[in-house]
Amino acid sequence: MTQSTRARPDPGAPSSVSDLERSMRSRMDKLERLRERGIEAFAYRYERTHEAREAAAAFEAAEAAGTLSERGQGAEVRVGGRMVAFRSHGKSAFADLEDGSGRIQVYFRRNQLGEQAFEDLDLLDLGDWIGARGWLFRTRMGEVTVQVSDWTLLTKALRPLPLGKSEVDAATGRRVSHSGFADTEARYRQRYADLAVNPEVRKVFRARSQVVGTARSVLDAHGFLEVETPVLQPLYGGATARPFVTHHHALDRRLYLRIADELYLKRLIVGGFERVYEVSKDFRNEGLSRFHNPEFTMLEFYQAFADYHDMMDLVEELVAEIAAAVAGARTLTYQGERISLAPPFRRIRLVEALGEALGDDPLELEDDQLRARAKALRLPDIENAGRGKLIDKLFDVLVQKDLRAPTFVVDHPRELSPLAKAKRGDARLTERFELFVLGTEIANAFSELNDPLDQRARFEDQARLAAGGDDEAHRVDEDYIRALEYGMPPTGGVGVGIDRLTMLLTDQPSIRDVILFPILRSE
RNA sequence: GAGCCGGUAGCUCAGCUGGUAGAGCAACGGACUUUUAAUCCGUAGGUCGUGGGUUCGAGACCCACCCGGCUCACCA
């Protein structure tokens with residue numbers, strides 16, 4: 001039987017079969033032949049003795065110890081992975097197998113494998129998962145390789161992966177890819193394929209896991225308790241944002257997806273847990289950008305008996321620890337810009353910094369004067385903006401963008417911060433800080449407002465803004481006020497944007513590059 | 001929502017001032033028993049995002065629409 005008669009299309013027929021279809025048909029055809037040969041194309045398990053990297057390391061160790069056989073053979077190993085390259089030489093062939101640790105080359109020789117097992121290699125395709133047993137050796141070209149004595153198909157890939165080619169650059173030792181899988185949208189949509197063919201993408205998500213893991217271990221070491229609070233909430237709060245709305249059928253009730261954890265975590269402080277944190281998915285029904293995904297991950301933590309100064313120290317430690325764990329250093333390069341993350345971070349007062357930029361103390365300016373300044377800068381949507389929003393926007397444009405090195409901006413105006421305690425000695429301000437790195441907000445924190453009467457007044461201010469058309473303003477949360485009435489000890493609280501922190505530490509330009517499955521339009 | 005750039009083979013991309021579609025990789029057939037972006041010979045593969053228009057002739061020019069990326073705006 002010749003293979004060519006099988007997949008060849010009828011020459012007279014209209015050839016509307018696409019490349020992809022033909023490729024998949026060929027794979028289906030091979031699957032059929034495997035089944036005819038009684039070979040299981042979707043195996044149940046495979047016992048590996050070594051991951052790719054371990055196998056290479058084992059050989060090098062044996063080499064160094066001088067325990068190789070006379071013919072230069074090392075130990076027998078069983079490795080398994082996805083076949084990402086195949087170089088056939090007639091009566092021999094090389095393949096690269098990739099597993100979670102990296103790649104290893106395997107070498108098939110006809111007279112080693114036997115006629116049938118060697119012929120069966122024809123039924124393999126790039127993307128297939130295979131297991132291979134054999135002896136380690138080093139090729140003439142110097143690469144540690146498994147000389148295969150038998151191999152097993154573990155999973156047939158019916159769809160071709162968009163594999164590019166890659167080579168190891170002799171000068172740098174780094175793997176250089178050629179004509180890989182680059183279409184940004186396709187990469188996000190088919191993240192499984194992106195991960196499968198782009199090892200550096202896997203690296204980003206390992207780093208992301210390290211960010212969260214390190215945050216947990218730092219907080220655990222400080223005696224924090226990890227908790228879980230509701231995603232579905234009857235009333236949203238803890239941030240200024242538009243929520244997603246959903247409906248519970250059995251209760252016939254409107255519910256919101258949380259926009260922040262804050263109010264629930266502080267209820268727990270009322271309950272007597274003195275240090276709590278949550279790593280949470282939050283949801284905000286707002287635009288998308290390279291810094292915004294509708295669902296994103298926030299780390300919030302609250303500590304009783306502490307104020308915002310304590311929390312600043314803790315945030316410094318947290319960020320520096322995470323950077324050390326992920327980047328291996330306390331400096332980082334983001335999109336070509338090099339900065340240090342070594343504490344202590346600079347601390348500036350919001351009003352003071354804005355005052356310098358404006359030439360006037362913003363606290364002394366009337367609302368209309370602030371609005372005029374904003375107008376002069378041609379800031380949009382300021383007609384109905386309250387005092388807080390005006391100051392925020394002015395700060396954003398005049399100061400924030402230039403905060404490259406890590407900087408704590410402290411003491412925000414009261415109107416901006418309905419959940420923060422008044423600043424000691426200046427009731428126009430609150431005890432709050434935001435941490436900016438490279439002009440991006442990474443953390444937000446305050447001495448938490450624990451006076452239920454003041455909190456009610458702040459909520460009512462917000463409710464008036466809401467009535468005036470500000471759909472991001474807080475609602476009055478009666479249950480939260482009830483909790484405060486039972487008494488919340490002095491508390492410092494912090495929120496950290498995990499996605500953005502990960503972007504910085506992994507040098508990724510878009511939040512979509514640090515979210516495995518970012519929101520996209522429907523396909 | 002606005003501006004800019006883009007959509008050509010499965011992937012990465014060429015395609016000049018309009019003349020009838022190309023390359024590399026992948027696929028298929030063949031040669032090759034230490035290769036490595038393997039190499040060499042051969043084969044096949046495209047309603048050029050969609051719909052109109054201009055033209056003898058459109059992948060290219062014009063209009064509309066769809067989709068994407070980036071920037072800006074809202075927001076963390």
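So you know, we letter chains A, B, ... as the sequences are listed, proteins then strands, and number each from 1. Computed over heavy atoms, backbone and side chain alike; hydrogens, waters and symmetry mates excluded.
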Pair [X] + [Y], salt bridge at N-O below 4.0 Å:
X	Y	value
A:Arg464	A:Asp461	yes
A:Asp367	A:Arg371	no
A:Arg189	A:Asp194	no
A:Glu119	A:Arg37	no

- Under 3.5 Å on both distances, the Watson-Crick or G-U partner of B:rU20: none

- Query: Now, which nucleotide makes the Watson-Crick or G-U wobble pair with B:rC4, with each of the two distances under 3.5 Å?
  - Reply: B:rG69

- Protein-proximity profile, nucleotides 35-41 of chain B, B/S/- by nucleotide at the 4.0 Å heavy-atom cutoff, equals BBBB---

- Message: Taking salt bridge (charged side-chain N to carboxylate O under 4.0 Å, His left out) as the definition, give me every residue that meets it alongside A:Asp125, ordered by chain and number, with sequence neighbours left out.
- Response: A:Lys30, A:Lys156

Does a side-chain N or O of [X] approach OP1 or OP2 of [N] to a distance below 4.0 Å, or not?
X	N	answer
A:Ser26	B:rC28	yes
A:Arg290	B:rU71	yes
A:Lys401	B:rC72	no

Polar-atom pairs under 3.5 Å, protein N or O versus N or O of nucleotides 4-7 of chain B: list them with distances, or write none.
none

- Any idea which of B:rU34, B:rC28, B:rA73 is nearest the A:Ser289 side chain? B:rA73

- Message: Any base atoms under 4.0 Å from A:Leu288, or only sugar-phosphate, or nothing? Heavy atoms, all strands.
- Response: base

- Message: Students often get this wrong, so: under 4.0 angstrom with heavy atoms, is A:Phe137 touching a base, only sugar-phosphate, or nothing?
- Response: base

- Item | Short side-chain donor-acceptor distance under 3.5 Å, A:Glu300 and A:Tyr302 | yes

- Task: Answer yes if the side chains of A:Tyr308 and A:Asp411 hold a donor-acceptor pair under 3.5 Å, and no otherwise.
- Result: yes

- Look only at the side chain of A:Thr333 and the backbone of A:Gly336, and say whether a donor-acceptor pair between them is shorter than 3.5 Å. no

